[in-house]
Amino acid sequence: MTRPVRASASSSADRVRLPSVDLLLRADLAAELVLRHGRAPTVDAIRKTLEACRAALLSGAEIDTSEPALLRAVAQRLAVEDTPNLRRVINLTGTVLHTNLGRAILSEKAVAAAVDAMRSAVALEFDLGDGVRGERDDHVRGLVRELTGAEDACIVNNNAAAVLLVLNTFGAGKEAIVSRGELIEIGGAFRLPDIMARAGAKLVEVGTTNRTHLRDYEGALTAQTGLVLKAHTSNYIIQGFTKSVPAPDLSAVARKHGVPFINDLGSGALVDLARYGLVSEPTVRAALEEGADLVTFSGDKLLGGPQVGIVAGRKDLVARVAKNPMKRALRIDKIRLAALEATLRLYRDPDRLPEYLPTLRAFTRTRSEMQALAETHLPAVQAALGPAFAVSVIECTSQIGSGALPLETLPSAGLAIRAAEAKREGGAVEALSRALRRLPVPIVGRIREHALILDLRCLEDEALFVEQLGVLAQRLKARGADVLA
Ligand SMILES: *Cc1c(COP(=O)(O)O)cnc(C)c1O
């Protein structure tokens with residue numbers, strides 16, 4: 001029974017007409033909601049629903065204030081509150097390592113290892129052989145050594161933390177020499193000069209933006225020098241009349257002076273990506289062979305693992321880094337450690353890496369493969385959207401992302417969705433993009449020249465994608481243009 005109520009001049013009359021919290025709580029549906037969500041959240045949702053009704057009535061809206069209608073609204077409010085804030089999305093942006101979408105998707109082995117570590121106690125800092133205290137980094141040290149040729153390694157929260165920790169260990173109260181061409185900003189607030197200051201190191205810039213010579217470094221090395229840093233310019237390149245000093249020369253000059261030479265690789269590949277048909281990115285092994293005393297790199301960029309930062313290199317220097325009290329504040333937990341170990345193990349068999357590592361699988365999908373995939377899904381997308389949109393298969397380019405290999409693009413294919421009526425094109429495509437983001441599992445694409453592009457390179461779960469298209473179709477049918485409002 002519906003009872004439309006119109007707000008009158010006096011709001012007190014309307015207030016009387018709304019049932020009380022207690023009355024609503026006694027209904028059968030309320031009892032079910034209490035069972036599912038708990039008493040306090042249900043009472044809270046009832047209160048908020050009644051408040052919203054009151055405000056709506058006051059503003060003159062006509063709403064159904066019957067008990068069943070109110071309880072339906074309460075149930076809906078509770079359902080919305082129950083959806084997690086951090087939600088799974090379908091990444092169809094074409095950027096494989098999308099920092100804002102959480103970078104690398106982990107291998108099933110890493111997922112299983114992380115789940116195990118979450119479910120049970122683990123020998124995190126416990127030596128099962130001797131029954132004495134162990135070190136958490138011990139679980140991956142051997143693997144990093146084997147895969148990079150480093151003497152030793154230590155693991156922290158992310159590569160930004162690795163750089164901070166290394167700078168603080170060797171540069172606090174001293175000077176750190178960096179080329180002006182490598183004073184990088186990675187995004188967010190990671191700017192090398194700022195990190196340097198927080199690490200307590202005095203930045204000594206050498207050379208110019210486009211050219212730095214060995215003599216620039218030699219001239220800057222003094223008794224105050226704590227380290228020489230080379231930072232991989234991972235998210236830009238300087239072209240034209242340029243010069244930078246090769247790592248072996250830098251290493252030699254730092255060694256002569258008795259200070260560590262640090263190479264911040266950023267992405268740091270563990271295998272030469274050329275073997276998978278991609279552009280080569282410096283490997284950690286190569287950087288160490290070229291004389292870096294320590295190399296720092298990320299776990300969730302090209303490596304395709306969890307967010308961690310790895311410091312690898314000379315044993316005596318790693319020991320100093322590990323002993324820095326800041327290490328305790330920057331260490332990783334058992335869940336990520338388990339995922340990292342499982343990811344590193346996959347690298348022992350590089351031949352089968354693309355099969356197991358989603359990141360590499362995404363990098364190595366060919367354009368013809370992408371084209372076939374787009375053609376497969378075109379009919380379902382067109383059917384879901386109806387005649388208001390025109391869907392076509394297009395060639396596009398995907399990106400590696402997270403600042404790795406900035407100029408390297410991957411030939412790809414995807415679906416372009418345009419408004420059928422040219423006069424509405426911009427607005428309709430924006431609205432569609434919003435509707436896709438509001439799906440139970442949001443689909444995120446990118447808009448280019450009035451078209452919504454769905455690059456299917458990172459589409460792993462096709463059934464889920466099709467299911468979401470079904471939800472979209474239903475919503476469009478039920479609410480028509482409202483969904484696209
Ligand atoms: C990405 C990057 C960092 C920061 O690494 P995070 O894993 O994002 O913390 C530092 N240095 C370089 C050269 C990078 O490319």
Side-chain angles (χ1 to χ4, degrees), residues 95-106 140 144 153-171 176 178-199 201 203 227-238 244 247 250 261-270 273 279-284 286-288 290 292 294-313 321 326-327 329-333 336-337 339-340 343-344 359 399-408:
T95 301
V96 179
L97 297 168
H98 200 301
T99 298
N100 303 134
L101 299 181
R103 289 195 186 159
I105 292 174
L106 273 63
V140 291
V144 177
C154 117
I155 317 295
V156 287
N157 180 56
N158 56 12
N159 189 41
V163 174
L164 173 69
L165 187 60
V166 166
L167 287 175
N168 179 263
T169 305
F170 304 106
V178 193
S179 158
R180 280 208 169 84
E182 296 172 359
L183 289 175
I184 52 174
E185 171 177 317
I186 300 297
F190 187 88
R191 289 178 143 193
L192 204 44
D194 299 338
I195 296 289
M196 195 81 84
R198 293 294 167 137
L203 171 64
L227 66 128
V228 173
L229 176 70
K230 183 174 180 59
H232 185 45
T233 56
S234 42
N235 54 4
Y236 66 98
I237 59 173
I238 298 177
S244 63
L250 265 186
F261 167 49
I262 316 291
N263 193 343
D264 174 27
L265 278 186
S267 283
L270 289 184
L273 296 176
V279 164
S280 281
E281 173 78 358
T283 62
V284 177
L288 289 166
E290 283 181 356
L294 290 176
V295 173
T296 52
F297 57 104
S298 299
D300 57 350
K301 291 187 181 173
L302 292 179
L303 194 77
Q307 179 196 296
V308 300
I310 302 176
V311 182
V321 171
M326 275 171 80
K327 164 69 163 65
L330 301 173
R331 73 185 188 184
I332 61 166
D333 67 304
R336 280 192 285 155
L337 192 60
L340 176 64
T343 307
L344 291 174
T359 303
Q399 296 188 330
I400 302 278
S402 80
L405 305 167
L407 298 189
E408 167 80 331

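Indexing begins at 1, ligand by ligand and atom by atom, following the structure's order.
- For Asn168 against Ala199, the heavy-atom pair with the smallest separation is ND2-O, 2.9 Å.
- Listed by number with element, the atoms of ligand 1 under 4.0 angstrom from any heavy atom of His232 are 13 (C).
- Distances from atom 4 (C) of ligand 1 to the heavy atoms of Ala162, Ala160, Ser402, Gly309 show the closest one on Ala160.
- Residues that satisfy the salt bridge (charged side-chain N to carboxylate O under 4.0 Å, His left out) test with Asp333, not counting sequence neighbours, are Arg336.
- The shell of residues lying under 4.0 angstrom from ligand 1, judged by heavy atoms, includes Lys301.
- Between Leu302 and Phe297 the shortest side-chain heavy-atom distance does not fall below 4.5 Å.
- Distances between N or O atoms of Ala161 and those of ligand 1 include no value under 3.5 Å.
- Using a 4.5 Å heavy-atom threshold, the side chains of Lys327 and Val156 count as touching.
- Judged purely by atom type and a 3.5 angstrom limit, Thr296 has no side-chain atom pairing as donor or acceptor with the backbone of Val311.
- Within ligand 1, counting atoms from 1 as listed, the ones closer than 4.0 Å to a heavy atom of Ser298 are 5 (O), 6 (P), 7 (O).
- With a 4.0 Å cut-off on non-hydrogen atoms, Arg103 touches ligand 1 through its side chain and not its backbone.
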